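Because the structure is a prediction, the values reported are computed rather than measured.
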Amino acid sequence: MRTVEKTGKPVTGTATGTGTRALRTPGGLSVRLDVRALVVVVLLLAAAFAASVVLIGTGDFPISFGDVVRTLFGEGNAGQQLVVKELRLPRVLVGLLVGASLGLGGALFQAVTRNPLGSPDVLGLGQGATAGALVMIVLFSGTTTQVTVGALVGGLVTGAAIYLLAWKRGVHGYRLVLVGIGVSAVATAVNGYLITKADFVDAARAVVWMTGTLDGRDWKQVWPLLVLVGVLVPLVLSHARGLRMTEMGDDVAGALGVRVERVRLVLMVSAVLLTAAATAAAGPVSFVALTAPQLARRLTRSPGPNLVASLCMGAALLVTADWASQRLFGDGQLPVGVVTGVLGGVYLLWLLVTERRAGRI
């Protein structure tokens, strides 16, 4: 499902390569379908749904898989309706939306920078959003809504700073990564300074938020994130062809009619918004944006950014990690950011070793 073009041939379906088919209608619309990528997306969606149902049924008031599904479709008794729809479903939806946002944002950054390490974690967007949240917590003792707004503004300001500092007759991958690493270091220092200046209560609150957690999430976090994702995902997918062309080089993409800097700017702004919104909703959940696109690419074995697969992988990863944080550590529950940090750190080390052996770093 990667390219759409007009053709005068009324052919209903032809093979175009291994695992790829071109579906054409009598009206002349042609859609190139990657069968393996489609199967992977369907399986990831099924995994995300199954993990979500299991997570909803987990807790002090356990509910079976079947009862959760029936309750989601309007059945179930009053107690199940309360637990499922009011107490647990919002947390799971926030987890799905945050994971999807981070997965898609990470895929966009890695495609724009043409670097497997070009994720929001490395570029400093999470640290920038954290700085915005800490300003509201430490300096203004802000409410939850104010902290969310502060994180969103901090992420946007950091993204704009990285883009402007990396601009020199265009934005190029390695320069963007290097500037992002520098901005990340500055933001990390600012965050440390703010923590040292906070009183005990605000510092404890800030540390919990900085870990990345889905605890206490309700419908107030769901709706803004859902609206943002609903707007940005179609916008990103509408520019997917241009992004794919830029992977052949700016000169080639420009010769094919792609407005390279416009496409790059739109996609970077979208990636920054997705990352900042996810951080504002759940805190800086680490490594999902780094690992989800690469795991999706390894499963699909498809060239290109694999945007839809990365989105689905991010959602499945985060809800699975949230389940693990609640069930695999005895009576104590860990913030989901701790689990993703451990798993992501191991994956990053493996990736660095692999890239070094391949001679790419």
Please report the closest heavy-atom contact between Val53 and Val69, naming both atoms and the distance.
CG1-CG2, 4.0 Å
Please check this pair: side chain of Arg217 against backbone of Thr213, looking for a donor-acceptor N/O pair closer than 3.5 Å.
yes
Who pairs with Tyr347 by ring-ring contact (aromatic ring centres under 6.0 Å, His included), at least two apart in sequence or on another chain?
Trp350
Taking all heavy atoms of Val319 and all of Ala48, pick out the closest pair and write down the distance.
CG2-O, 4.2 Å
Indicate yes or no for a side-chain donor-acceptor contact from Thr196 to the backbone of Tyr193 under 3.5 Å, with no hydrogens or angles considered.
yes
Tell me if a side-chain donor or acceptor on Gln146 pairs with a main-chain N or O of Thr143 at a distance below 3.5 Å.
yes
Answer whether the closest heavy-atom distance between the side chains of Leu96 and Ser52 falls below 4.5 Å.
yes
Under a 3.5 Å distance rule, please check whether Asp322 uses its side chain to pair with a backbone N or O of Val336 as donor and acceptor.
no
Flag the pair Val288 / Met313 as yes when at least one side-chain heavy-atom distance between them is below 4.5 Å, and no otherwise.
no
Does Thr211 use its side chain to pair, donor to acceptor, with the backbone of Val207 at less than 3.5 Å?
yes
Would you confirm whether Gln326, through its side chain, and Gly59, through its main-chain N or O, come within 3.5 Å as a donor-acceptor pair?
no
State, without any angle test, whether Thr188 and Asn191 hold a side-chain donor-acceptor pair at a distance under 3.5 Å.
no
Closest non-hydrogen atom pair, Cys312 against Leu45:
SG-CD2, 3.6 Å
Donor-acceptor contact present, side-chain Gln81 to main-chain Leu72, <3.5 Å
no
Of all heavy-atom pairs between Pro293 and Ser310, which one has the smallest distance, and what is that distance?
CA-OG, 3.3 Å
Grab the two heavy atoms, one from Leu273 and one from Leu228, that are nearest each other, plus how far apart they are.
O-CD2, 3.7 Å
Does Glu86 form a side chain to side chain contact (heavy atoms under 4.5 Å, CB included) with Leu89? I'd like the steps, not just the answer.
CA-CA 6 Å; Glu86 297 300 325; Leu89 181 59; over 6 Å; no
Would you say Val122 and Val112 are hydrophobically clustered, going by side-chain heavy atoms of ILVMFWY under 4.5 Å?
yes
Is it the case that atom CZ in Phe61 sees more than 12 heavy atoms from other parts of the structure closer than 6.0 Å?
yes
Apply salt bridge (charged side-chain N to carboxylate O under 4.0 Å, His left out) to the pair Arg91 and Asp215, showing each step before the final yes or no.
CA-CA 7 Å; Arg91 172 181 178 140; Asp215 289 344; 2.7 Å; yes
Does Leu156 belong to the same Ile/Leu/Val/Met/Phe/Trp/Tyr cluster as Leu176, with side-chain heavy atoms less than 4.5 Å apart forming each link?
yes
Any donor and acceptor pair, going by atom type alone, linking the side chain of Thr340 with main-chain N or O of Ser286 inside 3.5 Å?
yes
Decide whether Ser184 and Gln127 meet the rule of one side-chain donor and one side-chain acceptor closer than 3.5 Å.
yes
For residues Leu178 and Leu164: do they belong to one hydrophobic cluster (side chain heavy atoms under 4.5 Å, members Ile, Leu, Val, Met, Phe, Trp, Tyr)?
no
Given side chain to side chain contact (heavy atoms under 4.5 Å, CB included), test Ile181 with Leu123 step by step and report yes or no.
CA-CA 5 Å; Ile181 291 173; Leu123 297 180; 5.9 Å; no
Out of curiosity, does Val231 fall in the hydrophobic cluster containing Val263 (side-chain heavy atoms, cut-off under 4.5 Å, transitive links)?
no
So for atom CH2, which belongs to Trp219, do other residues, nucleotides or ligands contribute more than 12 heavy atoms lying within a distance under 6.0 Å?
yes
Residue pair Trp209 / Pro284, side-chain heavy-atom distance below 4.5 Å:
yes
Main-chain N/O of Asn77 paired to Gln80 side chain as donor or acceptor, under 3.5 Å:
yes
Can you tell me how far the CD1 atom of Ile56 sits from the CH2 atom of Trp323, to the nearest 0.5 Å?
15.0 Å
Between Leu214 and Val208, is there shared hydrophobic-cluster membership here, with clusters defined by ILVMFWY side-chain heavy atoms closer than 4.5 Å?
no
Work out which heavy atom in Thr71 is nearest to a heavy atom in Lys85; give both atom names and the distance.
O-CE, 3.1 Å
